[in-house]
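Notes to accompany the following structure.
Computed from a predicted structure; not experimentally measured.
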Amino acid sequence: PQYGALPSGEPQTTRCTNSLPYIVLLLLALACAFQHLCYEGPIPMQKEIQKELNISNTKYTLLFSFYSMPNIILPLFAGFLADKIGRRPTLIAYTILLVFGQLLFALGISAKTFTLCAIGRLVFGIGAEAFLIVIIESLAHWNYSFLSLSLAIKTSSLRIGSIINDIMLPYVYTQTHSLNLCFWIVFCMAIGCLACVTAFIFIDSCAESDTNLQLARDQVSFGAIFGFSKWFWLLSVYVGVFYMAMNSFNATASGHLQKRFGFDVRVAGYLICIPLFLIIVLNPVFGWTLTKINRHSLISFLASFGLMGNFLFLSSLTATSRTSTYLFMGLHGLLCSLFMTAYWPCIRFIVPKEMTTTAYGLCFCIQDAFLFLGPLLSGLVIDGTSTNQSGFFWATVLFAGYAFLAAAVGGLIFFWDYFTEKKLC
């Protein structure tokens with residue numbers, strides 16, 4: 001098999017202009033921004049959702065675990081389907097699923113029914129993770145010559161969605177005191193995602209020959225995943241543990257900042273925006289740099305080690321150390337940006353080109369197994385240690401433990417690669 005090469009069925013540009021890859025990048029980045037705004041919708045409104053639905057911290061974190069639960073298995077099949085039948089039909093189907101899931105969540109908020117909200121997050125998760133898998137493959141297909149940069153821009157667009165969410169929803173709520181309105185606005189963002197995907201599919205269908213695509217699909221075999229190298233499995237566990245640390249904190253960040261340090265909902269939302277803003281700005285810079293220096297495993301290892309130290313720094317703060325939270329949030333954004341830009345292109349370099357989407361799907365499965373467990377454990381720790389700084393001190397220690405595991409796996413990958421094949425360092 002060929003690794004790290006252009007996929008067969010590369011866009012046939014006889015009817016295209018040279019600007020099309022950039023238009024595709026813009027459309028897919030906008031779609032990702034809308035999708036991630038929907039995913040993170042509950043985060044800045046944690047206290048308000050818990051009050052409206054009368055639920056505990058554990059039940060609130062279940063909204064994120066329900067999102068991840070089906071994706072322990074489904075992204076593998078979603079990626080295989082995209083490789084086998086094509087990205088266009090699968091991408092539109094996954095987008096419709098995430099729109100429907102967001103509709104159910106908004107209806108659940110309006111009806112003050114936790115069960116309907118949980119079902120909505122479940123359906124949304126089925127569509128949203130598969131959606132991201134096909135988006136990554138589409139970017140790799142159209143923008144392979146600047147893959148690290150295009151994936152970095154994609155990640156930045158996700159954080160743009162987060163920033164809009166963290167500023168917009170608290171503002172709307174403070175002006176209207178209507179949680180229902182907040183999440184119907186989020187549903188409109190899901191419709192925007194569908195519009196961007198529809199435009200991309202039109203461009204993709206005009207630019208590419210179905211005959212060429214079918215030649216590549218004929219080479220796809222589900223059994224080929226068992227032939228993936230050790231690097232793929234190590235990298236998949238690595239990203240799972242790192243994202244477990246990062247997302248477990250992100251899911252409870254608003255409550256953490258409000259209850260432990262005494263910030264109100266709007267200021268907490270602004271603080272959450274600090275790492276998101278840094279990711280938006282730094283990802284393209286780091287992505288461009290990595291295309292030049294190609295030190296993926298080293299950079300990601302340093303980022304995971306730094307994340308552990310940053311969580312230990314947060315655990316050392318007292319309720320009166322409010323200004324130090326700004327430093328923590330800034331370092332959090334810097335370290336997460338380094339990891340994201342260093343890690344995601346690696347999968348493309350180590351799997352057969354015709355199995356790219358399947359590989360990303362399997363990686364997402366492993367990642368979501370960790371993401372299902374992480375927020376659930378942190379919610380239990382917060383509820384079980386509520387007498388100590390609202391429970392968030394021990395949750396922060398738990399996040400540092402997750403980051404330590406990520407640093408251990410990252411160190412193994414770096415040193416093993418450096419002294420053997422030098423595929424990633």
> Are F200 and L91 close enough, and set up right, to give a side chain to side chain contact (heavy atoms under 4.5 Å, CB included), and what steps lead you there?
Replying inline: CA-CA 10 Å; F200 163 70; L91 183 57; 3.7 Å; yes
>> Main chain of S248, side chain of T252: is a donor-acceptor contact present, judged purely on distance under 3.5 Å?
In response: yes
>> Taking CD1 in I73 as the centre, count heavy atoms belonging to other residues, nucleotides or ligands within less than 6.0 Å. Is the count above 12?
In response: no
> If you round to the nearest 0.5 Å, how far is OG1 of T61 from CG of L377?
Replying inline: 9.5 Å
> Distance-only, no hydrogens or angles: does the N283 side chain make a donor-acceptor pair with backbone N or O of M340 under 3.5 Å?
Replying inline: no
> Are any of the side-chain heavy atoms of P44 and N165 separated by less than 4.5 Å?
Replying inline: yes
>> Suppose the criterion is side chain to side chain donor-acceptor pair (under 3.5 Å): which pairs have a residue in residues 180-202, not counting sequence neighbours?
In response: S110-W184
>> With a 6.0 Å cut-off on the ring centroids, do Y67 and Y39 count as close?
In response: yes
> Can any side-chain N or O of T357 pair as donor or acceptor with the backbone N or O of G79 at less than 3.5 Å?
Replying inline: no
>> Please find the pair of heavy atoms, one from L290 and one from T341, that lie closest to each other, and give the distance.
In response: CD1-O, 3.4 Å
> Short question: side chain of S156, backbone of I279 - any donor-acceptor pair under 3.5 Å?
Replying inline: yes
> Yes or no on side chain to side chain contact (heavy atoms under 4.5 Å, CB included) for L338 and L302, after CA distance, side-chain angles and deciding distance?
Replying inline: CA-CA 9 Å; L338 279 171; L302 293 175; over 6 Å; no
>> Does R121 qualify as a cation-pi partner of F64, given the criterion of NZ or CZ under 6.0 Å from the six-membered ring centre and within 45 degrees of its axis?
In response: yes
>> Among E52, Q46, K47, E48, which residue satisfies the side-chain hydrogen bond (donor to acceptor under 3.5 Å, both in side chains) criterion with Q50?
In response: Q46
> Do L25 and W142 come close enough that some side-chain heavy atom pair is under 4.5 Å?
Replying inline: no
>> Looking at L116, is its backbone amide N or carbonyl O close enough to the side chain of T113 to form a donor-acceptor pair, meaning the two atoms are under 3.5 Å apart?
In response: no
> Roughly how far, to the nearest 0.5 Å, is CD1 of I272 from OG of S162?
Replying inline: 9.5 Å
> Is any side-chain heavy atom of W231 closer than 4.5 Å to a side-chain heavy atom of W416?
Replying inline: yes
> So, do H256 and L314 sit near enough that their side-chain heavy atoms are less than 4.5 Å apart?
Replying inline: yes
> Do you know the tightest heavy-atom contact between M45 and G41?
Replying inline: CG-O, 4.1 Å
>> I'd like to check the salt bridge (Lys or Arg N to Asp or Glu O under 4.0 Å) partners of E129; sequence neighbours left out, ordered by chain and number.
In response: none
> So how far is it from M246 CE to S304 OG, rounded to the nearest 0.5 Å?
Replying inline: 12.5 Å
> Minimum heavy-atom separation for C182 to V172, with atom names?
Replying inline: SG-CG1, 3.9 Å
> Is there a side-chain contact between M189 and H36 (heavy atoms, below 4.5 Å)?
Replying inline: no
> Which is it for L30 and S157 under the side chain to side chain contact (heavy atoms under 4.5 Å, CB included) test, yes or no, and what are the steps along the way?
Replying inline: CA-CA 7 Å; L30 282 172; S157 71; over 6 Å; no
>> Closer than 3.5 angstrom, by distance alone: can the side chain of R260 be matched with the main-chain N or O of F393 as a donor-acceptor pair?
In response: no
> Are any of the side-chain heavy atoms of C365 and L74 separated by less than 4.5 Å?
Replying inline: no
> Hey, is the main chain of L312 close enough, under 3.5 Å, to the side chain of S315 for a donor-acceptor pair?
Replying inline: yes
> Roughly how far, to the nearest 0.5 Å, is OG of S300 from CD1 of I413?
Replying inline: 7.0 Å
>> Just checking F313: does its CZ atom have more than 12 heavy atoms from other residues, nucleotides or ligands closer to it than 6.0 angstrom?
In response: yes
> Checking Y173 side chain against L181 main chain: does a donor-acceptor pair fall under 3.5 Å?
Replying inline: no
> Where is the tightest heavy-atom contact between I167 and C273, given as atom of each residue plus distance?
Replying inline: CG1-SG, 3.6 Å
> Rounded to the nearest 0.5 Å, how far apart are OG of S337 and CZ of R159?
Replying inline: 9.5 Å
>> The test is ring pair (Phe, Tyr, Trp, His ring centres under 6.0 Å); show your working for F339 and Y238 and say whether it passes.
In response: CA-CA 11 Å; F339 183 86; Y238 186 24; 5.2 Å; yes
> With ring centroids as reference points, do F105 and F183 lie under 6.0 angstrom apart?
Replying inline: yes
>> Counting neighbours of CZ on F232 that are heavy atoms of other residues, nucleotides or ligands and sit closer than 6.0 Å, is the number greater than 12?
In response: yes
>> Using side-chain heavy atoms (C-beta onward) and a distance below 4.5 Å, is P42 in contact with Y60?
In response: yes
> Counting only heavy atoms not in F187, do more than 12 sit closer than 6.0 Å to its CZ atom?
Replying inline: yes
> So which heavy atom on L122 is nearest to which on F66, and how close?
Replying inline: CD1-O, 3.4 Å
> Can you check whether P284 reaches L149 side chain to side chain, under 4.5 Å on heavy atoms?
Replying inline: yes
> According to the interplanar angle, ranging from 0 to 90°, do the rings of W233 and F228 count as parallel (below 30°), tilted (30 to 60°) or perpendicular (above 60°)?
Replying inline: tilted
> What pair of heavy atoms forms the shortest contact from A31 to V197, and how long is it?
Replying inline: CB-CG2, 4.1 Å
>> Which label fits Y402 and F399: parallel for a plane angle under 30°, tilted from 30 to 60°, or perpendicular past 60°?
In response: tilted
> Going from CZ on F34 to CD1 on I160, what distance comes out if it is rounded to the nearest 0.5 angstrom?
Replying inline: 11.0 Å
>> Please evaluate residues Y343 and H296 with respect to the criterion side chain to side chain contact (heavy atoms under 4.5 Å, CB included), reporting the C-alpha separation (whole Å), side-chain torsions for both, the decisive distance (0.1 Å), and the verdict.
In response: CA-CA 6 Å; Y343 170 80; H296 294 82; over 6 Å; no
